[in-house]
Amino acid sequence: MKLTAITLDLDDTLWPIAPVMERADLALQAWLQLNCPEVVQALPIAAMRRLRDRVFAEHPELGHDFTALRMICLREALAPHGYGEREAEQAFEAFYAARNRVELYPEVGDALERLARRAPLVSLSNGNACLDRVGLAHLFRAQITARSFGAAKPDPAIFHAACALAGSKPDETLHVGDHPEQDVLGALGAGLHAVWIDREGLGWTLGGVPPRSFTCLAQFADFVESL
Ligand SMILES: [Mg+2]
């Protein structure tokens, strides 16, 4: 294949997301405890998570925009105690700063540098991580998120927008990610090549021809260098 650009998923492809969200929830609680303690009394962490689940379920139209959904949660949590938009934004910032304090999988830093030497990289995420804050922006030509674009993977339109940012045609672009539907089937449906990062060695269960898969990003970088 002719490889002109690589698009990369972020959460669970470059870093594990579960511990990040755990710490972000705790950072939010700590901020609230310090600045709006009544809110923590009324909504301890389990209740805050139930509020989040309800708000996310009530707003399917914002399914691509976790920032907007989080802000709705915070406004609902804060308003009964007399707090307004200023506190909601500050609370979000406490959450968001922690959401961007990620720990890369061990091989990722080196693998990304190798990949960036081979082709322009564009991040393509349904989450709301910010590569500038994460500290990886210098390795990427561009970033696109479901929030910035207005639709989420597997919508083909967001893959095509990423190709446009990369300056590549879909059939000369390789997308890599951990999610079988959002990343692999999404990329293939949009006419890109797809690589599945299967860290757990789960194997492909969605039928059809199994995608090319690797258990880590270093293996993927070896493959890209062999093209
Ligand atoms: Mg992912």
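We count ligands from 1, going down the list as the structure has it; atoms in each ligand are counted the same way. What you are looking at is a predicted structure, and each value in this text was computed from that prediction instead of being measured.
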Pair K2 + D171, salt bridge at N-O below 4.0 Å: no
Which N, O or S atom of D178 lies nearest to the Mg ion (ligand 1), by name: OD1
Tell me, please, if D11 has any N/O/S atom, main chain or side chain, under 2.8 Å from the Mg ion (ligand 1)? yes
Under 30°, 30 to 60°, or over 60°: which ring-plane class applies to F214 and F223, parallel, tilted or perpendicular? tilted
The Mg ion (ligand 1) to nearest N/O/S of D9 less than 2.8 Å: yes
Indicate whether the side chain of N128 and that of T67 have a donor and an acceptor atom separated by less than 3.5 Å. yes
Sidechain N-carboxylate O distance under 4.0 Å for E22, R49: yes
